[in-house]
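Side chains are part of it too, since the values below use all heavy atoms of this structure and drop only hydrogens, waters and symmetry mates. Quick note on labels: first sequence line is chain A, next is B, and so on, each numbered from 1.
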There are 2 protein chains.
Amino acid sequence: MTTVNTNFGDDACPHPDVVGDAKRDALDDMLALGTAEIFRVLGDSNRVRMLHLLSTREMCVCDLAAATGIEQSAVSHNLRLLRSARIVRFRREGKQVFYTLDDDHVAGLLRQGIDHARHSNPREEDDA
Amino acid sequence: MTTVNTNFGDDACPHPDVVGDAKRDALDDMLALGTAEIFRVLGDSNRVRMLHLLSTREMCVCDLAAATGIEQSAVSHNLRLLRSARIVRFRREGKQVFYTLDDDHVAGLLRQGIDHARHSNPREEDDA
DNA sequence: TGAACGTATGAATACGTTTTCATATATACA
DNA sequence: TGTATATATGAAAACGTATTCATACGTTCA
């Protein structure tokens, strides 16, 4: 039989060299997961709005809710996520808890993301 | 009666000045959505791995699948998402379609995201 | 034209996330 | 201690996303 497989070993696809190089350069799995994780945290418009505010001022939970129009409960849930990703700091003062964005790296990412959105074509996904 | 509401108008929360400032500085809704959108696209480890490879070389779909171990169909679906977000370019050559990361802004974001993941505490979220 | 290959896509399933509601916890103060 | 206020949280509901399977489409070549 020997069907017309003139070339490469088991690689069905025609570029074993590219595949080889790529495998060598590939991101470590844990690193890819960690990278996706930080982006996933930033990938929600409510969190973007909250973090944008928290990047330039300290705010308590109810101020955040009032300023953004997001329900207090949702704000709290989102802050918990941000806390567990270690990108906000918080301190209690009496009944209130004040939060700030506490990761310069993330602040930079956020700025760049906003900048990207600002300068990118508003028709972002209607030609799927 | 007049319950103990010694202070501010309708703002239940104690910092109307902060809330006012924050409202003024708040991100426009469309901008927040667009920002979250780009992060959401980057917030998946398979797409991170694909984009990392595509940021330094051109690859066809089946090479991508072979190099990453992601199913061809899943690769294709993800590429469609990346295409609709306009962050990859593609060209057909015969039966094959070659893709590249085609947005320096996004390449920068990706690099920063990877960098963040690399230098950040591996225990990212077990103290929720 | 038909077979083979590479890629794309609809639909179903499985899974994860966000929001809301109700309520718990923490603090302050009378 | 009891009440009011600020925040947190579990659980359900609502919603979105990823993966897989089957198959369609587009291209090449015999």
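At whole-Å resolution of the value, CD in Gln96(B) and C1' in dG26(D) are 13 Å apart. A straight line from CZ of Phe98(A) to P of dA26(C) spans 19 Å, rounded to a whole angstrom. The separation between Leu42(A) atom CG and dT17(C) atom P is 15 Å, rounded to whole Å. Put simply, CZ on Arg49(A) is 14 Å from C1' on dT18(C), counting in whole angstrom units. Remark: P of dG6(C) and CG of Leu79(B) are 16 Å apart, rounded to the nearest angstrom. Asn78(A) has its CG atom 11 Å from the P atom of dT20(C), to the nearest Å.
Residues Asp29(B) and Arg49(A) are paired through a salt bridge, judged by an N-O separation under 4.0 Å between the basic side chain and the carboxylate.
Looking at Thr68(B), its side chain does come within 3.5 Å of a backbone N or O of Ile70(B) through a donor-acceptor pair.
Listed pair Arg92(A) / dA6(D) fails the phosphate criterion, with no side-chain N or O lying under 4.0 Å from OP1 or OP2. OP1 and OP2 of dT17(D) both lie 4.0 Å or more from every side-chain N or O belonging to Arg40(A). At dT19(D), one or more side-chain N or O atoms of Asn46(B) fall inside 4.0 Å of OP1 or OP2 (strictly under the cut-off). Of the side-chain N and O atoms in Arg47(B), one or more sit less than 4.0 angstrom from OP1 or OP2 of dA18(D). In terms of phosphate contacts, Arg80(A) brings no side-chain nitrogen or oxygen within less than 4.0 Å of OP1 or OP2 of dT17(C).
For His77(A) against dT17(C), a side-chain-to-base donor-acceptor contact under 3.5 Å is absent. If you check distances only, the side chain of Ser73(B) never reaches the base of dT19(D) with a donor-acceptor pair under 3.5 Å. Between the base of dA6(D) and the side chain of Gln72(A) there is no donor-acceptor pair shorter than 3.5 Å.
In this model, a donor atom of one side chain and an acceptor atom of the other lie less than 3.5 Å apart for Arg80(A) and His77(A). Looking at Arg91(B) and Tyr99(B), their side chains never bring a donor and an acceptor atom within 3.5 Å of each other.
Taking the six-membered ring where the residue is Trp, Phe39(A) and Phe39(B) present parallel rings, their angle staying beneath 30° rather than reaching 60°.
Comparing dA8(D), dT7(C), dC21(C) by their closest approach to the side chain of Glu71(A) singles out dC21(C).
Across all strands, Tyr99(B) comes closer than 4.0 Å only to sugar-phosphate atoms, never to a base (heavy-atom distances).
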